[in-house]
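As the structure lists them, so they are numbered: ligands from 1, and atoms in each ligand from 1.
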Amino acid sequence: MNRTSVTAFTKSRAWMDRAGTVIPTGATSAARLGVRPTPLVMAESDGARMRDIDGNSYLDFALANGPLLLGHRPQPVIEAVTAQMQAGMLYGAQHRLEAKLAEALTDVIPSAQAVCLSTTGSEAVHAALRFARAATGRRLVLRFEGHYHGWLSDIAYSGPGSAPAAPEADRTLPPVALSAGLGAAPDLLVARWNDTAGLERVLADHGSQIAALIMEPVPLAGVLEPAPGYLEQVRDLTRRHGIVLIFDEVVTGFRLGLSGAQGRYGVFPDLTVLGKALGAGIPISAVAGDHDILAMATGPAPHMGTFNGHPVAAAAACAALECYREPGFDTRLDELAGRLAQGLTELGRQHGLPVVTHQAGALVQTLFVPRGTELSDYAALVSATDRDRAAAFAEELLRRGVYLPPRNTWMLSAAHTDDDITTALECADAALGQLEENLV
Ligand code: PMP
């Protein structure tokens, strides 16, 4: 890889200007605009690397925000997709790969008895909420502050980036809309993550009207693992109140091990939402879970979508799953991530900077936060972390050829090697050195 510093962004800047005249802001997802010093325009990618249109090469730890668990352009997926393209691109009828994919998912996801396929994570979340409402005959949905479940209106409140509720709020928290004009969300309740007593109070007040409780079992914002015993308590409480428990494993799926967060923590939801790494770069998502709840899809809560079970995407997902099932796949990723996490913590110490590292499977989060700060929920994360410094760290890394999202979540892929971790740590050393210098 090209380890010389990355300095020229002239072509990216010019292209963003050109695109900006016909695409508002020049980016097709608001999530891509935070990259500093400028959002980049990419030309090609392979394995663990991407190259922009100025010719700069990057070791990629953003993985397109999650899908690329096998790295860029994984050969088995390309072969499966190409073969399916030759056989047919879309039928608008059943085909064998969708059932094969559903069979494979029921094999690897412990709580999955059946599967419904969609295209994006947001859509599959929406489907899961529909099924839960139809199965319970209830309307309310309970979610946690700071978790993300896609951009669709039912659920797009109080996610990452929104202002946290005041600490004294001790029952439901006021929903904060992601988008102007969404209104007050009368069907949505918001609670604090990792707070069993708070959840008990919400359920005492509203339990009999709640259709579903949805969570990221490890929220990506901060990679805030559940406190010991917390998931078990949530499972128990939702069961007692007849609430459908939904794990949104769009990020954690396959990344915290083959069977996701539920396999890692041994707590099993009624429904699981999968996306991102399921297609290894091709859009496909799924709701997997209880057979009776998913049966709503064929009756009271019809599940529709022109591209549902897309043959090319199903081929990609079947091929990806075969890779994820290879013995040692997840332990190798855990080891790489562990080495990266340890190295980053150590570098923070060496530079006298307050770097705290969280790791869950192939996910590593670096945070600039005073050591010893209690970080169990979103409000604590927002008040304690220095996000400007995190963005500056990502920028310094980008200038050294390491691509990391401004919020500093490092994602590992099967394409990363031990040498890549060494390179990333060398670049992090130099980047932290620059941040240290900026302080004086
Ligand atoms: N759930 C989670 C946990 C996610 O991280 C995302 C995407 N970042 C979604 C749902 C929505 O998925 P998509 O962007 O594919 O609609």
Side-chain angles (χ1 to χ4, degrees), residues 27-35 61-69 109 116-132 141-162 178-179 188 190 193 212-226 231 245-256 260-262 264-265 269 271-289 305 307-308 310 313 316-317 320 358 360-365 378 381 405-411:
T28 48
S29 165
R32 295 177 199 151
L33 278 171
V35 176
F61 289 95
L63 303 185
N65 211 14
L68 306 175
L69 188 56
I109 307 295
C116 290
L117 296 171
S118 292
T119 306
T120 66
S122 299
E123 249 187 304
V125 164
H126 197 72
L129 298 180
R130 281 251 180 107
F131 302 152
V141 168
L142 178 58
R143 57 157 296 150
F144 290 109
E145 188 181 44
H147 292 211
Y148 184 68
H149 302 295
W151 66 283
L152 298 185
S153 302
D154 273 20
I155 196 81
Y157 291 80
S158 302
S162 61
L178 171 81
S179 182
L188 193 68
V190 183
W193 176 239
L213 187 163
I214 185 165
M215 66 157 80
E216 285 184 87
V218 179
L220 184 61
V223 183
L224 300 177
E225 279 196 272
L231 289 182
L245 178 60
I246 305 173
F247 277 10
D248 178 344
E249 297 229 41
V250 167
V251 169
T252 53
F254 316 110
R255 182 165 271 118
L256 266 63
Q262 57 196 273
R264 183 163 290 233
Y265 300 110
L271 297 179
T272 300
V273 181
L274 297 164
K276 298 211 191 240
L278 177 60
I282 306 289
I284 183 164
S285 61
V287 188
F307 295 113
N308 286 0
H310 195 290
H358 295 170
L363 269 181
V364 173
Q365 174 73 53
Y378 178 67
L381 181 79
R407 60 158 193 281
N408 291 185
T409 314
W410 303 71
M411 294 201 185

- [ ] Please check if the side chain of Arg407 supplies one atom and the backbone of Leu220 the other of a donor-acceptor pair under 3.5 Å.
- [x] no
TODO: Would you check ligand 1 and list the protein residues that come within less than 4.0 Å of it by any heavy atom, ordered by chain and number?
DONE: Thr120, Gly121, Ser122, Tyr148, His149, Gly150, Glu216, Asp248, Val250, Val251, Lys276
TODO: Quick one: pull up CG in Leu63 and CG in Leu68 and give me the separation to the nearest 0.5 Å.
DONE: 5.5 Å
TODO: Among residues two or more places apart or on two chains, list those pairs meeting salt bridge (charged side-chain N to carboxylate O under 4.0 Å, His left out) that have a residue in residues 146-158.
DONE: Arg133-Asp154
Task: 4.5 Å side-chain heavy-atom contact, Ser179 and Trp151 - done: no
Task: Spacing of Leu178 atom CG and Ile155 atom CD1 [to the nearest 0.5 Å] - done: 11.5 Å
Task: Any Pro405 side-chain heavy atom under 4.5 Å of Phe61 side chain - done: no
